[in-house]
Every structure is written in C-alpha cells, then in structure tokens.
Amino acid sequence: QKEVEQDPGPLSVPEGAIVSLNCTYSNSAFQYFMWYRQYSRKGPELLMYTYSSGNKEDGRFTAQVDKSSKYISLFIRDSQPSDSATYLCAMRHTGFQKLVFGTGTRLLVSP
Amino acid sequence: DTAVSQTPKYLVTQMGNDKSIKCEQNLGHDTMYWYKQDSKKFLKIMFSYNNKELIINETVPNRFSPKSPDKAHLNLHINSLELGDSAVYFCASSDTSGGAYNEQFFGPGTRLTVL
C-alpha cells in the first residue's frame with residue numbers, strides 16, 4: 001500500500017462546477033501538505049500548501065487538511081477549462097525535505 | 001528566465017547505453033532533487049543534494065549516479081540503460097536555509113525512452 005493514495009481519475013466536469021480532489025495518507029508524521037498542478041508535458045507547479053490541520057483559501061482554490069482522518073482535499077470553485085490538468089497531492093515531515101506524492105488525479109473541465 | 005532548466009528535453013536511446021541528464025537552477029537555492037515520474041504519473045524522489053552533499057538517496061539501482069559539481073547544478077548519469085528506466089525525470093530545487101517551509105520548484109522534465 002502506498003503512503004499516499006489518490007484516485008487517478010479522470011474526473012470530468014462542466015465549466016463552472018465545483019471540483020473536489022482528495023488524498024488519504026497513512027503516515028501521521030506528515031506535517032506539510034501541498035497541492036501541485038501539472039499540465040501535460042510540463043513540470044509540476046505548486047498551487048497551495050498547508051501546515052498541519054486547517055483550511056487555506058487562495059482565490060478559487062481551497063485546501064483542507066484533516067489530520068485526525070489523515071485526509072486532505074482541494075476544492076476548485078467556478079472551474080475553468082484552463083484548470084484541466086493533473087493535480088498531485090504531496091506531503092512531508094517537518095525538517096525533512098523528502099516529498100511523498102500521490103499518483104495524481106487527472107481533471108478535465110469541458111466548456 | 002528559466003528558473004530550473006534541464007537538458008535534454010527528450011532522450012531516445014538503446015538498451016545498454018550510458019546517458020546523462022543535466023540540471024541547472026538560477027534561483028540561488030541550496031538543495032536540488034531528482035524525481036522519476038512513471039507512465040502512470042507517479043512521481044517519486046530519487047536523490048537530493050544540499051550544497052553538493054547527498055542528503056536523500058532512495059532505493060535506486062546503482063546504475064543511477066547523481067553528481068553535483070556546485071550547488072546550482074545536479075546531473076544524473078545512468079549506466080546500462082534498461083527498458084524500465086523509460087520515464088520522465090524531473091529536477092527540482094528549493095531553499096532550505098530559511099524557515100520550516102520551502103517550496104520545491106520543478107524543471108520541465110526530461111522524457112527518456114529506452115528502446
């Protein structure tokens with residue numbers, strides 16, 4: 001079993017929909033939680049990060065971490081075709097640089 | 001101005017060959033990484049160097065050898081290439097000298113195909 005589990009999708013939604021992307025993990029030592037977006041044939045780019053539990057909002061994006069359930073989410077409001085990409089969750093321990101990634105969820109937003 | 005650059009972008013080679021991938025960052029970061037992304041998009045760390053010192057060395061075949069001539073460069077040399085080495089290899093860098101959180105910036109990737 002992988003340390004971080006993520007549904008690979010694809011997840012297909014119409015433009016304007018609210019998208020929910022999720023990851024579960026097994027290692028309770030993880031403290032930093034990140035969401036990366038990866039367009040086809042490009043490198044991952046950081047969307048948001050959260051330290052420990054709680055919510056964080058940035059424009060149309062909201063990241064949530066529930067450490068008690070070992071579950072993290074990324075919500076995208078008013079989804080756009082330009083949001084079509086693979087979304088990778090990643091996490092790491094405090095003081096340790098190794099990022100552990102989920103397998104990524106491919107999101108398709110149709111006009 | 002590319003922050004993390006990799007060469008080559010594409011690499012097609014025969015089984016058994018030796019090849020190198022180069023990475024350079026102009027962000028002034030002190031830590032660099034190599035990741036492998038397989039055909040199912042799973043991204044896994046291979047190595048990390050901090051100021052030219054190896055700090056992360058995951059379970060990777062000995063055929064893979066990273067080299068960091070200075071803190072702005074991290075190269076990956078692969079001996080005796082195998083079909084299973086076909087993947088996209090990403091270089092990344094981060095500044096770990098400051099606070100607890102540090103973002104890793106990824107390069108554009110090198111798509112390696114072994115025939």
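What you are looking at is a predicted structure, and each value in this text was computed from that prediction instead of being measured. The figures here come from the full heavy-atom set of this structure, side chains too, leaving out hydrogens, waters and symmetry mates. Here is how names work: the chains are called A, B, and so on, in the same order as the sequence lines, proteins then strands, and each is numbered from 1.
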Mind checking whether A/F101 and B/F106 have parallel, tilted or perpendicular rings, split at 30° and 60°? perpendicular
Where does the angle between the aromatic ring planes of A/F33 and A/Y25 fall among parallel (under 30°), tilted (30 to 60°) and perpendicular (over 60°)? tilted
For [X] versus [Y], what's the shortest heavy-atom pair and its separation?
X	Y	value
A/V4	A/C89	CG1-SG, 3.5 Å
A/P81	A/E15	CD-CD, 3.6 Å
A/G104	A/Q6	N-OE1, 2.8 Å
A/G102	A/L88	O-CD2, 3.8 Å
A/R106	A/L108	NH2-CD2, 3.8 Å
B/Q25	B/V4	CB-CG2, 4.1 Å

Modelled atom types, side-chain donor and acceptor of [X] and [Y], under 3.5 Å:
X	Y	result
A/Q31	A/T94	no
B/T96	B/D30	yes
B/N26	B/E24	no

Using heavy-atom distances under 4.5 Å, tell me whether [X] contacts chain B through its side chain, its backbone, both, or neither.
X	answer
A/T86	side chain
A/R41	both
A/Y51	neither
A/K98	both
A/P8	neither

Set of residues satisfying side-chain hydrogen bond (donor to acceptor under 3.5 Å, both in side chains) with respect to A/Q38, sequence neighbours excluded: B/Q37
With a 4.5 Å heavy-atom cut-off (strictly below), which parts of residues 38-48 of chain B touch chain A? List them by number. B/K40, B/K41, B/F42, B/L43, B/I45
Mind checking which of residues 70-94 of chain B sit less than 4.5 Å from chain A, heavy atom to heavy atom? B/F90
For the [atom1] atom of [X] and the [atom2] atom of [Y], what is their distance to the nearest 0.5 Å?
X	Y	atom1	atom2	answer
A/D78	A/R60	CG	CZ	6.0 Å
A/W35	A/M91	CH2	CE	7.5 Å
B/K19	B/L112	NZ	CG	9.5 Å

Which bit of B/E58 is near chain A, if near means a heavy-atom gap under 4.5 Å: side chain, backbone, both or neither? side chain
Which bit of B/Y33 is near chain A, if near means a heavy-atom gap under 4.5 Å: side chain, backbone, both or neither? side chain
Quick check: under 4.5 Å, non-hydrogen atoms only, which of residues 62-76 of chain A neighbour chain B? none
Step through the shown structure and confirm whether more than 12 heavy atoms of other residues, nucleotides or ligands are within 6.0 Å of NZ on B/K22. no
